[in-house]
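Numbering of residues begins at 1 and proceeds along the displayed sequence.
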Amino acid sequence: MSAEAEAIDVDGTCCASCGIAANDDIKLKNCTACHLVKYCGVKCQREHRPQHKRACKKRAAELRDEILFKQPESSHLGECPICCLPLPIVPMTCTMMACCSKMICNGCDYASVLRKIDDKCPFCRHPTPKTQEETDKDFMRRVEANDPVAVRNMGFKRYNDEGDNESAVEYLTKAAELGDLVAHFELANFYRDGECVGKDMKKVIYHAEQAAIGGHPMARYNLGCVEEQNGRFERAMKHWIIAASLGCDKSLKTLRKGYAVGRIQKEDFAAALRAHQAALDAAKSPQREAAQAARLDNH
C-alpha cells in the first residue's frame with residue numbers, strides 16, 4: 001500500500017490497497033476480521049494482505065476478547081418460561097419437557113401437581129405421555145423439527161444408551177450448529193479428552209468459548225483452567241470472575257485461592273462474592289423451596 005493510499009484511508013472512505021474513493025459505482029467492503037480497513041474488491045484485499053496481516057490479527061483478537069469477556073446477562077439455561085425466574089445451575093432443579101423441549105423449574109412443575117393439572121405440560125399444555133412409547137414419540141417429533149435441545153439429547157442417547165460414538169458426535173455437532181450451548185460444552189470435553197474423536201485443542205477452545213459467551217459457567221471455568229495452565233493468570237481470573245457471577249461455586253473457590261496468593265485484588269474478589277450470592281438469590285423462590293422440601297420428604 002502506498003503512503004498516499006495509507007493517508008487517504010484514515011477515514012475509511014477509500015480502498016486500503018489502491019486508495020480509490022467510494023462512490024455510487026464503487027462500494028467498499030470492510031475487512032471482515034478486523035473492520036479496520038475497507039477494500040474495493042478481492043484483488044486489492046489479497047494484494048494488501050501481507051501489509052495488513054499483523055494489524056488485522058491484533059485487532060481481530062481484541063474484538064474477540066471484547067465478546068469473550070463480556071458478562072452474560074444470564075446463564076446458558078436462561079429463565080423458567082413460566083415463573084420467569086433464572087433457572088438454577090444446580091443439577092436436579094429443572095425438568096426438560098419432551099413435548100416442547102422447555103426447561104421448567106421444579107417449583108413450577110410442583111405447582112402444577114398441587115393444582116392437579118399435571119396431566120398436561122405446564123408450559124405448552126400438551127397431554128402428559130402415559131407410556132415410554134408416547135414420550136419417545138414426542139421426543140422424536142422435536143428431533144425431526146431440528147429442535148437444538150432435542151438434537152443434543154439424541155446425541156446423549158446415542159452415546160450413553162447405544163454406545164454409538166460416531167452418531168453421538170454428529171448429533172452434538174448439529175445441535176451446536178443450531179446454537180445449543182450445552183452441545184458446544186460437551187464437544188469441547190470430547191475434543192479435550194480424545195473421547196469419540198481425536199484430541200484437538202483448537203476445537204476445545206472454539207467450542208468452550210462459544211459455550212462461555214452464551215453463559216455456560218463450567219465452560220467458562222474450564223477456559224480459566226486452560227489460561228492458568230498457560231501462565232496467563234489475569235485472563236484466568238477474568239474467566240472465573242464471570243463464572244462466579246453466574247453462580248459457579250467451583251470458580252468462586254478458585255478465586256478464593258487466587259486471592260490468597262495475590263492474583264486478584266480485594267475489590268474484585270469482593271465484587272465476585274456479591275455477584276455470586278446475587279445469582280444464587282435470584283434463582284430462589286418460595287415455590288422452589290417447597291418443591292425441594294417435598295422432594296426430600298419423598299426420599
Side-chain angles (χ1 to χ4, degrees), residues 65-96 102-111 122 180-182 184-186 188-189 208-229 232-297 299:
D65 278 357
E66 287 178 12
I67 298 171
L68 181 61
F69 289 109
K70 182 180 179 181
Q71 179 72 48
E73 294 182 1
S74 67
S75 80
H76 64 295
L77 297 175
E79 299 176 343
C80 172
I82 298 177
C83 65
C84 297
L85 292 176
L87 288 169
I89 63 173
V90 181
M92 306 298 292
T93 54
C94 309
T95 302
M96 194 203 83
K102 294 296 184 182
M103 292 290 288
I104 309 297
C105 75
N106 286 354
C108 290
D109 192 31
Y110 180 60
D180 187 76
L181 301 173
V182 176
H184 276 296
F185 174 68
E186 293 298 336
N189 293 338
E209 285 186 349
Q210 291 300 110
I213 289 169
H216 198 297
M218 281 308 299
R220 180 76 66 176
Y221 171 80
N222 289 345
L223 284 173
C225 293
V226 171
E227 296 290 6
E228 182 186 41
Q229 290 167 5
R232 296 192 285 262
F233 301 116
E234 184 178 350
R235 291 175 66 87
M237 292 297 156
K238 284 182 180 180
H239 280 304
W240 291 328
I241 287 173
I242 293 173
S245 299
L246 294 172
C248 179
D249 292 338
K250 289 186 73 172
S251 291
L252 188 65
K253 290 177 182 177
T254 307
L255 286 174
R256 185 173 285 111
K257 293 178 182 177
Y259 175 64
V261 297
R263 288 181 180 168
I264 180 173
Q265 296 295 318
K266 181 179 180 179
E267 296 78 10
D268 293 334
F269 180 54
L273 279 171
R274 291 193 296 270
H276 177 267
Q277 188 59 51
L280 297 183
D281 291 342
K284 293 179 180 178
S285 75
Q287 193 166 269
R288 292 179 180 181
E289 291 173 2
Q292 178 65 12
R295 181 172 177 271
L296 293 176
D297 289 343
H299 286 78

Report task. Kindly say whether Cys248 contributes a backbone atom to a donor-acceptor pair with the side chain of Ser251 at under 3.5 angstrom? Result -> no
Query - Validation row: Pro88, Lys284 side chains within 4.5 angstrom (heavy atoms) - result: no
Requested in this report: Keeping the roles fixed (side chain from Arg288, backbone from Gly107), state whether a donor-acceptor pair exists under 3.5 Å.
Outcome: no
Query raised in the report: Would you call the rings of Phe69 and His239 parallel, tilted or perpendicular, where under 30° means parallel and over 60° means perpendicular?
Result: tilted
Report summary line: Rounded to the nearest 0.5 angstrom, the OG-CG distance for Ser285 and Leu85 is 5.5 Å
Requested in this report: Please round to the nearest 0.5 Å and tell me the distance separating atom CD1 of Ile264 and atom CG of Leu255.
Outcome: 4.5 Å
Query raised in the report: Taking atom OG1 of Thr254 and atom CG of Asp249, what is their separation to the nearest 0.5 Å?
Result: 10.5 Å
Query raised in the report: Do other residues, nucleotides or ligands put more than 12 heavy atoms under 6.0 Å from Glu289 CD?
Result: yes
Report task. May I ask you to check whether over 12 heavy atoms, not counting those of Glu73, lie within 6.0 Å of atom CD? Result -> no
Query raised in the report: Under the side chain to side chain donor-acceptor pair (under 3.5 Å) test, which residues partner Asn222, sequence neighbours left out?
Result: none
Query - Nearest-0.5 Å distance, NE2 of residue His276 to CG of residue Leu252 - result: 5.0 Å
Report summary line: Result for side-chain contact (heavy atoms from CB on, under 4.5 Å) between Glu227 and one of Met237, Arg235, Glu234 points to Arg235
Query raised in the report: How far does CD of Glu228 sit from CZ of Arg263, to the nearest 0.5 angstrom?
Result: 6.0 Å
Requested in this report: Kindly say whether Met92 contributes a backbone atom to a donor-acceptor pair with the side chain of Asn106 at under 3.5 angstrom?
Outcome: yes
Report summary line: Closest non-hydrogen contact found for Asp109 with Pro122 is OD1-CG, 4.1 Å
Query raised in the report: Atom CG in Asp268, atom CG in Leu273: separation rounded to 0.5 Å?
Result: 11.5 Å
Query raised in the report: Is there a donor-acceptor contact under 3.5 Å from the side chain of Trp240 to the main chain of Tyr221?
Result: yes
Report summary line: Sorted by chain and residue number, the ring-ring contact (aromatic ring centres under 6.0 Å, His included) partners of Tyr110 (sequence neighbours excluded) come out as none
